[in-house]
Amino acid sequence: MFQKGLKGVVAVHTKISLVDGENGVLRYHGTNVKELVLDYSFEQVAYFLLNDKLPTEVELQQFNEKLKEGRYLPLHVQKVMDALPKTISIMDAMRTAISTFSTAEFLQMQIMEQAIVLTGALPVVISRHYRKQLGLPIIEANDNFSHTENYLWMLNGTIPTSTQVEALETYLKLTMEHGLNASTFAARVTVSTESDLPAAVTSAIGTMKGPLHGGAPSEVLNLLEEIKDESRIQLVIEEKIKNGEKVMGFGHRIYKTEDPRSILLREACLRLQGSDPWLDLATKAEKEIIGLLDKYKPGRKLYTNVEFYAAAIMRSIDMPAALFTPTFSVARIVGWSAHVIEQVDDQAIFRPQSLYVGKIK
Ligand code: ACO
């Protein structure tokens with residue numbers, strides 16, 4: 001049996017997330033993400049994904065301490081990063097930095113501890129290389145800040161507003177995990193050979209880098225920039241449909257109803273409305289675009305996907321496009337780690353077959 005791209009093939013049993021495309025529901029460990037996103041912090045949702053339970057106060061404190069430990073990069077990682085040229089992309093710098101974590105000392109830690117340290121380290125790695133590319137000095141982590149606040153602090157060197165933190169944190173919690181996507185699969189394949197967590201995360205970052213996986217929000221941004229004003233929505237969209245172009249941020253391979261992450265990000269945008277013209281434009285554009293898609297592509301059930309509001313939120317917090325995929329990874333490293341731990345617990349090496357279709361000489 002051959003299925004190109006393994007489309008539709010079930011490759012693992014998982015208890016981490018359920019992506020229910022028919023009903024438009026995403027569940028982490030059986031719980032609707034809606035409940036988790038509205039009521040809990042990044043740290044609590046990450047703990048939940050990794051442990052299948054919410055933390056007690058003491059467990060959360062220990063988790064936070066470990067996460068903050070990750071903010072202090074080992075000296076050799078700093079040196080490797082210092083040696084990287086500015087022209088290397090942030091995703092490549094992340095891949096290189098994470099690959100150098102696998103010292104004997106690091107690997108002696110429990111895999112769960114390794115996962116928390118790497119999750120804490122990734123924003124530091126990103127901000128360090130981002131600022132180097134801009135020729136700006138490194139901003140040290142601030143232990144008084146939460147994971148999300150500290151990420152924005154280290155990127156910009158200014159204390160983020162609560163509005164910015166809420167917007168980014170909603171995005172991070174919603175994109176932490178999404179089944180057996182390409183990067184998560186890469187992480188599981190790597191560790192299925194009894195390799196280690198830094199190697200699995202390195203594979204995942206290399207896979208996430210490709211535009212078909214991690215790069216879509218910047219395309220949506222181009223669309224919003226092209227629209228500029230609500231009076232131009234119809235003109236821009238009709239032009240795209242006439243030219244046979246796809247409207248970015250609409251439609252999804254799995255969700256044939258509204259993408260639940262999009263609904264929650266829209267709600268976050270509505271809560272923040274008035275704070276940024278990009279959020280206002282996005283919420284106004286959505287309704288009109290869905291109407292136009294229904295008129296010109298009837299019956300295709302085209303709704304916004306997660307990328308549409310992700311782009312609006314990123315734009316509203318002044319996150320440059322070069323940081324979109326790295327920021328997606330700041331969230332997804334939690335899902336990668338949860339899958340690596342699940343793979344280790346239910347070990348079987350991935351070794352599918354290939355069918356030789358060449359000549360016999
Ligand atoms: N704009 C206009 N028309 C669309 C769109 C769109 N965004 N999406 C689908 N259609 C139309 C197609 O033109 C096609 O019409 P036809 O029947 O006249 O040929 C029909 O709907 C079915 O399209 P497919 O591409 O076959 O739908 P599929 O479900 O396979 O594709 C996909 C899903 C790839 C996401 C598609 O909707 C798309 O390209 N969207 C725009 C890009 C985008 O937003 N990508 C991010 C996805 S979310 C993520 O990756 C995390």
Side-chain angles (χ1 to χ4, degrees), residues 3-8 17-26 28 33 37 91 170-186 204-205 207-227 233-266 282 285-315 321 324-336:
Q3 191 62 50
K4 197 166 187 180
L6 300 180
K7 194 177 172 189
S17 70
L18 169 65
V19 184
D20 180 352
E22 283 305 312
N23 298 305
V25 180
L26 172 61
Y28 293 167
V33 279
V37 164
M91 289 302 286
T170 303
Y171 168 77
L172 294 177
K173 288 183 282 188
L174 281 172
T175 51
M176 261 183 206
E177 160 63 14
H178 206 239
L180 203 61
N181 52 83
S183 58
T184 300
F185 186 45
I205 294 171
T207 310
M208 176 70 111
K209 183 187 163 190
L212 289 186
H213 188 7
S218 48
E219 305 264 11
V220 178
L221 201 56
N222 294 339
L223 174 73
L224 289 176
E225 275 168 2
E226 199 181 334
I227 292 175
I233 298 170
Q234 186 170 356
L235 180 84
V236 171
I237 300 303
E238 282 183 343
E239 183 76 9
K240 290 201 180 297
I241 296 175
K242 206 168 76 192
N243 294 337
E245 284 175 47
K246 293 270 176 69
V247 182
M248 289 298 153
F250 289 80
H252 196 277
R253 191 53 61 79
I254 298 180
Y255 294 118
K256 290 306 167 200
T257 174
E258 276 192 284
D259 182 334
R261 300 166 299 172
S262 170
I263 297 172
L264 292 164
L265 282 177
R266 182 204 300 125
E286 180 193 14
K287 274 198 195 122
E288 201 171 331
I289 296 176
I290 289 177
L292 289 164
L293 286 171
D294 195 40
K295 180 175 168 191
Y296 293 105
K297 295 274 175 186
R300 271 54 152 221
K301 296 183 179 168
L302 300 170
Y303 302 99
T304 43
N305 57 51
V306 68
E307 310 297 358
F308 185 75
Y309 281 109
I313 281 188
M314 296 284 192
R315 184 66 189 76
F324 284 6
T325 315
T327 302
F328 189 0
S329 310
V330 166
R332 192 51 64 82
I333 191 172
V334 181
W336 295 333

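As the structure lists them, so they are numbered: ligands from 1, and atoms in each ligand from 1. Each residue takes its place number in the sequence, starting with 1.
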Using heavy-atom distances, let me know which of [options] sits nearest [atom].
atom: atom 7 (N) of ligand 1; options: Leu302, Val247, Leu223, Leu292; value: Val247
atom: atom 13 (O) of ligand 1; options: Glu307, Lys297, Arg300; value: Lys297
atom: atom 37 (O) of ligand 1; options: Ala311, Ser262, Gly251; value: Gly251

Would you say the side-chain atoms of Asp259 pair up with the backbone N or O of Val306, donor to acceptor, closer than 3.5 Å?
yes
Between His178 and ligand 1, which part of the residue brings a heavy atom under 4.0 Å of the ligand: side chain, backbone, both or neither?
neither
Side-chain contact, heavy-atom cut-off 4.5 Å: [X] with [Y]?
X: Tyr255; Y: Val19; answer: yes
X: Glu307; Y: Glu219; answer: no
X: Lys240; Y: Leu223; answer: yes

Which of the ligand 1 atoms, numbered from 1, are nearer than 4.0 Å to a heavy atom of Met248:
42 (C), 44 (O)
Could you list which atoms of ligand 1 come closer than 4.0 Å to a heavy atom of Leu293?
1 (N), 2 (C)
To the closest 0.5 Å, what do you measure between [atom1] ([X]) and [atom2] ([Y])?
X: Leu18; Y: Leu26; atom1: CG; atom2: CG; answer: 8.0 Å
X: Leu221; Y: Met248; atom1: CG; atom2: CE; answer: 13.0 Å
X: Ile290; Y: Tyr303; atom1: CD1; atom2: OH; answer: 7.5 Å

Do any nitrogen or oxygen atoms of [X] lie less than 3.5 angstrom from nitrogen or oxygen atoms of ligand 1?
X: Asn305; answer: yes
X: Gly249; answer: yes
X: Lys246; answer: yes
X: Phe250; answer: yes

